[in-house]
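Reviewing the structure listed below.
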Amino acid sequence: MKRQQTKAEILRKMLGEDRMVLVAGAHDGLSAKLAEKHGFDAIWASGLGISALHTVPDASILSMTEFLQWAVMMNESCSLPVIADCDSGYGNIHNVRQMVEKYEAAKIAGICIEDKVFPKLNSFDDRQQVLVSVDEFCAKIRTAKYVQKDPDFTVIARVEALIAGLGQEEAQYRARAYVEAGADAILIHSKQKTPHEIIEFAKNWTLPVPLIVVPTKYPDITVKELKNLGIRMTIYANQALRASVRAMDEALKRIRQSGTTQVIEQEICSVEEIFNLQNVAKMKEMEQIIYGENK
Ligand code: SPV
Ligand code: MG
């Protein structure tokens, strides 16, 4: 019998293909399952999303164990590989070691760490972003690569130089150093309202290591345009989160305004749809197998 591919293998293979890998940001099992339903290739266990669910800032407030717990929930809720957003690695190289051991043991397909200090701030926070030195971040990447047991486990290095306003040269310099340190892919992040920074970065990228983008602030760009720039993975990090907040907010407001749920009944999903997402059919199937027709 053919051995089933691991999720780490699936992710690594996708990153090696000449195509755009589409990743949906998720914040729990339900959002991960919906991303799978709509044909995304992988899940981004979003730090912003998991923090938002707990109504705390995306600023290293939750612990690594809490982030891991939610990534595991996503992993178990769908068959897609999960890339865990591991912020700045939850501390120094010793924290990175613990993190890689735990995430790998939990069958998370890959992790992403960013070159910011710990505790971090979300990239769109308007306060000054502080980066660690290239040497310090390279040591974290080398640690992650040294610690991983499965060669397919993916380590993504995220460059925040553009976010911190340090310019293209610094971004390229850092990205190259991170590749040298062993990164399997580079996530280049930008908070500009147009994709000009990403376009310039991608045009100057000559290494055979995949580039990843998160087009939150420059939403006009299409997958086709990103593909033409040589980008290999696009992460829609928080659209499902934002959509769900808007939908819940609207529904609750309208119930209070009108004193009945009838006004929104046609716009919200049915209880049956929830049952489907909960795999109730599987439960019934099990009863059939165990108890047969005439229980
Ligand atoms: C996240 O989803 O937590 C990310 C992407 O890291 S961003 O919010 O753009 O920093
Ligand atoms: Mg994050």
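Read the numbers this way: they start at 1 and go in the same order the structure lists the ligands and their atoms.
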*Closest approach of V147 and R97, non-hydrogen atoms and distance?*
CG2-CG, 3.6 Å
_Min N/O separation T216 to ligand 1 under 3.5 Å_ = no
*Are K193 and Y218 in a cation-pi setup, meaning NZ or CZ lies under 6.0 angstrom from the ring centre and within 45 degrees of the ring axis?*
no
*asked:* Using only atom types and a distance under 3.5 Å, with no angle test, would you say the side chain of W70 pairs donor to acceptor with the backbone of V72?
replied: no
*What residue and heavy atom of the protein are closest to atom 2 (O) of ligand 1, and at what distance?*
S46 OG, 2.7 Å
_Aromatic ring proximity, centroids under 6.0 angstrom, F137 and Y178_ = yes
*Taking both backbone and side-chain atoms of L48, is any N or O found less than 3.5 Å from an N or O belonging to ligand 1?*
yes
*asked:* Please find the pair of heavy atoms, one from A161 and one from E170, that lie closest to each other, and give the distance.
replied: CB-CG, 4.0 Å
*asked:* Checking the N or O distance criterion of under 3.5 Å, is ligand 1 in contact with E114?
replied: no
*Taking N or O atoms only and a 3.5 Å limit, does D85 qualify as a polar contact for ligand 1?*
yes
*Could you tell me which atoms of ligand 1, counted from 1 in the order shown, lie closer than 4.0 angstrom to a heavy atom of H189?*
7 (S), 9 (O), 10 (O)
*Of all the non-hydrogen atoms in the protein, which one sits nearest to atom 6 (O) of ligand 1, and at what distance?*
R158 NH1, 2.7 Å
*ligand 1 and G49, any nitrogen or oxygen pair closer than 3.5 angstrom?*
no
*Is the distance between the Mg ion (ligand 2) and the nearest N/O/S atom of D85 smaller than 2.8 Å?*
yes
*Do E169 and R174 sit within salt-bridge range, that is, some charged N less than 4.0 Å from a carboxylate O?*
no
*Test applied, side-chain contact (heavy atoms from CB on, under 4.5 Å); reference residue, L187; option that passes from I113, I212, V213*: I212
*Considering heavy atoms of the protein only, find what lies nearest to atom 8 (O) of ligand 1 and give residue, atom and distance to 0.1 Å.*
N122 ND2, 3.0 Å
